Amino acid sequence: MADALKVGIAGLGTVGASLVRIIQNRANELATTCGRAIEITAVTARDRSRDRGIDISGITWFDTPERLAAEADIDVFVELIGGASGAAADSVKAALTRGLHVVTANKALLAASGVELARIAEEKSVLLNFEAAVAGGIPVIKALRESLTGNTVSRVYGIMNGTCNYILTRMEKEGLSFADCLKEAQRLGYAEADPAFDIEGNDTAHKLAILTTLAFGTQIAADEIYLEGITNISIEDIHAAADLGYRIKLLGVAQLTDSGIEQRVHPTMVPHDSVIAQVDGVTNAVAIESDILGELLMVGPGAGGDATASAVLGDIADIAKSSPGAQRVPVLGTPAASLAPYKRARMQSHEGGYFIRLTVADRTGVFASIAACMAENGISLESIMQRPKPDAATDTPKTIILVTHATTEDSVRKAVDAIKAENYLVGEPQVIRIERPKAF
Ligand SMILES: NC(=O)c1ccc[n+]([C@@H]2O[C@H](COP(=O)([O-])OP(=O)(O)OC[C@H]3O[C@@H](n4cnc5c(N)ncnc54)[C@H](OP(=O)(O)O)[C@@H]3O)[C@@H](O)[C@H]2O)c1
């Protein structure tokens, strides 16, 4: 195995602390998938004495990010401080100039100085990775930079600010005013004490500027973006949009036109039945339209310590796998020799909801018998209905449809067998498993 990849982390706040915890807790898995260990050897933040809920006792502490970047014994400098200038900008520049790989989640820095930083990285033949800077955990940078190679992109757009999407969703679902929803977002920690940067669209604009460059191969032009935030959206607008079959989302859109590139961030009406219209709360979504692939839509967590750290870790792992002496990306994700033996879970222990359709003879007591068979097997029902309606002509077989709460395959099979034994079924029962997405 190649030597450990030595990582220095500047910034131990929401994202930095999550990253330290994940790297420490998953050391063995990371070493296996990356072909070398990932070791945090240096850290820095403003306040050394602050309890961050992580163990940094064996890690060298540096008093400033600039000193860490210049002096630490590291291969990768991870910047999780934030801000377009100051410590974040100075330390990233110092690290690249020193010939270190850099990983950052800092959209403000990239929107302001991305081209300059890219130039230094290329001159020094090091990587500058920034997956977490746009749409948090959604791997949109990798999609544009690597997966869509050869495609000509015509449009990129998306919901890239969780605060705005949370406010618009609450306004629509609960009929609350913009001001009330903003207060609630602040109470829940979804919005900053000074929310202007989010609600006026600047945060989305920074992310859009980065996507535009990746999509169209042009200079980063964050100052050229048409910008409108959501502060003027009223509940009347939301109701009127709903009446017309639309929902209002704050979108960032970058589009190739005959006269140049259109970059805009503004409240946008999206058709109610489109997938992007269904993206609610703090969730993000990014769509990419390109000539070979067609349309790609990625939906996922756009913020939060762990989701963002997940993207940062992916960037670090890419560096580990691409360094000289390291093994390249394993063909199957894990090196073939380290793949664990497959262990099959019994289908009978599968847990989930079930749709069960029964055709039954029209007899009294059938409904009660079915309910009893379910209860005896510990199955709780979400709904039970009869088709046609109970008052339809008698003596014809009736259809009874059951939808269960989460239960096991074993219980459902036993319940269905018990129902079959009652001799009122006409034909075979139909059982269809329900798969419920967690978030969307
Ligand atoms: N949070 C998210 O969900 C999210 C999502 C996507 C991208 N990001 C990006 O990730 C980066 C970090 O965000 P975050 O939410 O983790 O921020 P945060 O919680 O405010 O943490 C910032 C960290 O930087 C340290 N810091 C600030 N100024 C410093 C200085 N001059 N010298 C040394 N350390 C300094 C702070 O030190 P102290 O702890 O000692 O104060 C803190 O540990 C930002 O670029 C942000 O835009 C965040």
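All ligand and atom numbering here is 1-based and tracks the order in the structure. The figures here come from the full heavy-atom set of this structure, side chains too, leaving out hydrogens, waters and symmetry mates. Source: prediction; values computed, not measured.
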**Q** What protein heavy atom is closest to atom 41 (O) of ligand 1, reported as residue, atom name and distance in Å?
**A** R46 NH2, 2.9 Å
**Q** Should you measure from each heavy atom of A303, which atoms of ligand 1 turn up under 4.0 Å away?
**A**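 The list of qualifying atoms is 3 (O).
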**Q** How far is atom 42 (C) of ligand 1 from the closest protein heavy atom, and which atom is that?
**A** G13 N, 3.7 Å
**Q** Heavy-atom contacts under 4.0 Å between A87 and ligand 1: side chain, backbone, both, or neither?
**A** side chain
**Q** I need the atoms of ligand 1 closer than 4.0 Å to a non-hydrogen atom of R52, numbered in the order shown.
**A** 38 (P), 39 (O), 40 (O), 43 (O)
**Q** Any donor and acceptor pair, going by atom type alone, linking the side chain of R264 with main-chain N or O of L227 inside 3.5 Å?
**A** no
**Q** Starting from atom 47 (O) of ligand 1, which protein heavy atom do you reach first, and at what distance in Å?
**A**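 Nearest protein contact, heavy atoms only, for atom 47 (O) of ligand 1 is K107 NZ, 3.1 Å.
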**Q** Is N161 reaching over with its side chain to a backbone N or O of T204, donor-acceptor style, under 3.5 angstrom?
**A**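 It does not hold such a pair.
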**Q** Return yes if a side-chain donor-acceptor contact under 3.5 Å exists between D55 and S57, otherwise no.
**A**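 Yes, a side-chain donor-acceptor pair sits under 3.5 Å.
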**Q** Note the single closest protein heavy atom to atom 44 (C) of ligand 1, along with its residue, its atom name and the distance in Å.
**A**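 Among all protein heavy atoms, the one nearest atom 44 (C) of ligand 1 is G82 CA, 3.6 Å.
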**Q** Is there a donor-acceptor contact under 3.5 Å linking the side chains of S234 and E236?
**A** yes
**Q** Does one side chain, of N106 or T104, offer a donor that lies under 3.5 Å from an acceptor on the other?
**A**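 No, T104 and N106 have no side-chain donor paired with an acceptor closer than 3.5 Å.
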**Q** Could you name the option among L80, V312, V134 that has the heavy atom nearest to atom 22 (C) of ligand 1?
**A**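 Minimum heavy-atom distance to atom 22 (C) of ligand 1 goes to L80.
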**Q** Among all protein heavy atoms, pick out the one at the shortest distance from atom 38 (P) of ligand 1; state its residue, atom name and that distance to 0.1 Å.
**A**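 Going by distance alone, atom 38 (P) of ligand 1 is nearest to R50 NH1, 3.4 Å.
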**Q** Please indicate whether R433 has more than 12 foreign heavy atoms, meaning atoms of other residues, nucleotides or ligands, lying under 6.0 Å from its CZ.
**A** yes
**Q** Among protein heavy atoms, which sits nearest to atom 9 (C) of ligand 1, and what does the distance come to when rounded to 0.1 Å?
**A**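 Looking at atom 9 (C) of ligand 1, the protein heavy atom closest to it is A105 O, 3.3 Å.
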**Q** Quick check: V15 and ligand 1, any N/O pair under 3.5 Å apart?
**A**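 Looking only at distances, the answer is yes, because the N/O contact criterion of under 3.5 Å is met.
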**Q** Flag E79 as yes when one of its N or O atoms lies below 3.5 Å from any N or O atom of ligand 1, and as no otherwise.
**A**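 There is no such contact.
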**Q** Going by the atom numbers of ligand 1, which of them fall below 4.0 Å from some non-hydrogen atom of N106?
**A** 45 (O)
**Q** Counting only N and O atoms by type, is there a donor-acceptor contact under 3.5 Å from the side chain of S18 to the main-chain atoms of A309?
**A** no
**Q** If we set the cut-off at 4.0 Å for heavy atoms, which region of T308 has an atom near ligand 1: side chain, backbone, both, or neither?
**A** side chain
**Q** May I ask whether atom 20 (O) of ligand 1 is less than 4.0 Å from at least one protein heavy atom?
**A**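 No, because not a single protein heavy atom sits under 4.0 Å from atom 20 (O) of ligand 1.
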**Q** Can any side-chain N or O of N151 pair as donor or acceptor with the backbone N or O of S290 at less than 3.5 Å?
**A** no
**Q** Looking only at the side chains, is there a donor atom on one of E262 and T257 sitting less than 3.5 Å from an acceptor on the other?
**A**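 No, T257 and E262 have no side-chain donor paired with an acceptor closer than 3.5 Å.
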**Q** For R48, is the nearest heavy atom under 4.0 Å from an atom of ligand 1?
**A** no
**Q** Strictly distance-based, threshold 3.5 Å: is any side-chain N or O of E79 a donor or acceptor partner for the main-chain N or O of I81?
**A** yes
**Q** Mind checking whether G302 has an N or O less than 3.5 Å away from an N or O of ligand 1?
**A** no
**Q** May I ask you to decide if L208's main-chain N or O and T212's side chain share a donor-acceptor pair within less than 3.5 Å?
**A**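 Yes.
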**Q** Identify the protein heavy atom lying closest to atom 28 (N) of ligand 1, giving its residue, its atom name and the separation to 0.1 Å.
**A**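 Minimum-distance protein heavy atom for atom 28 (N) of ligand 1 reads I81 CG2, 3.5 Å.
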**Q** Is the closest side-chain donor-acceptor distance between N129 and R145 under 3.5 Å?
**A** yes
**Q** Would you confirm whether the ring centroid of H206 sits within less than 6.0 angstrom of the ring centroid of F197?
**A**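 Judged by ring-centre distance (under 6.0 Å), F197 and H206 do meet the cut-off.
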**Q** Quick one: does T44 get an N or O within less than 3.5 Å of an N or O on ligand 1?
**A**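 N/O-N/O distance under 3.5 Å: no.
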**Q** Can you tell me if D47 has over 12 outside heavy atoms packed within less than 6.0 Å of its CG?
**A** yes
**Q** Of the backbone atoms (N, CA, C, O) and the side-chain heavy atoms from C-beta on, which set of A132 has a member under 4.0 Å from an atom of ligand 1: side chain, backbone, both, or neither?
**A**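 The part of A132 near ligand 1 is the backbone, not the side chain.
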**Q** What protein heavy atom sits nearest atom 3 (O) of ligand 1, and how far away is it?
**A** G304 N, 2.7 Å
**Q** When you measure from atom 43 (O) of ligand 1 to each heavy atom in D47, L110, L12, L68, which option holds the nearest one?
**A**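 Considering heavy atoms of D47, L110, L12, L68, the nearest to atom 43 (O) of ligand 1 sits in L12.
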**Q** Under 4.0 Å from a heavy atom of P65: give me the atoms of ligand 1 that qualify, with their elements.
**A**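 So the answer, numbered in order with elements, is 32 (N), 33 (C).
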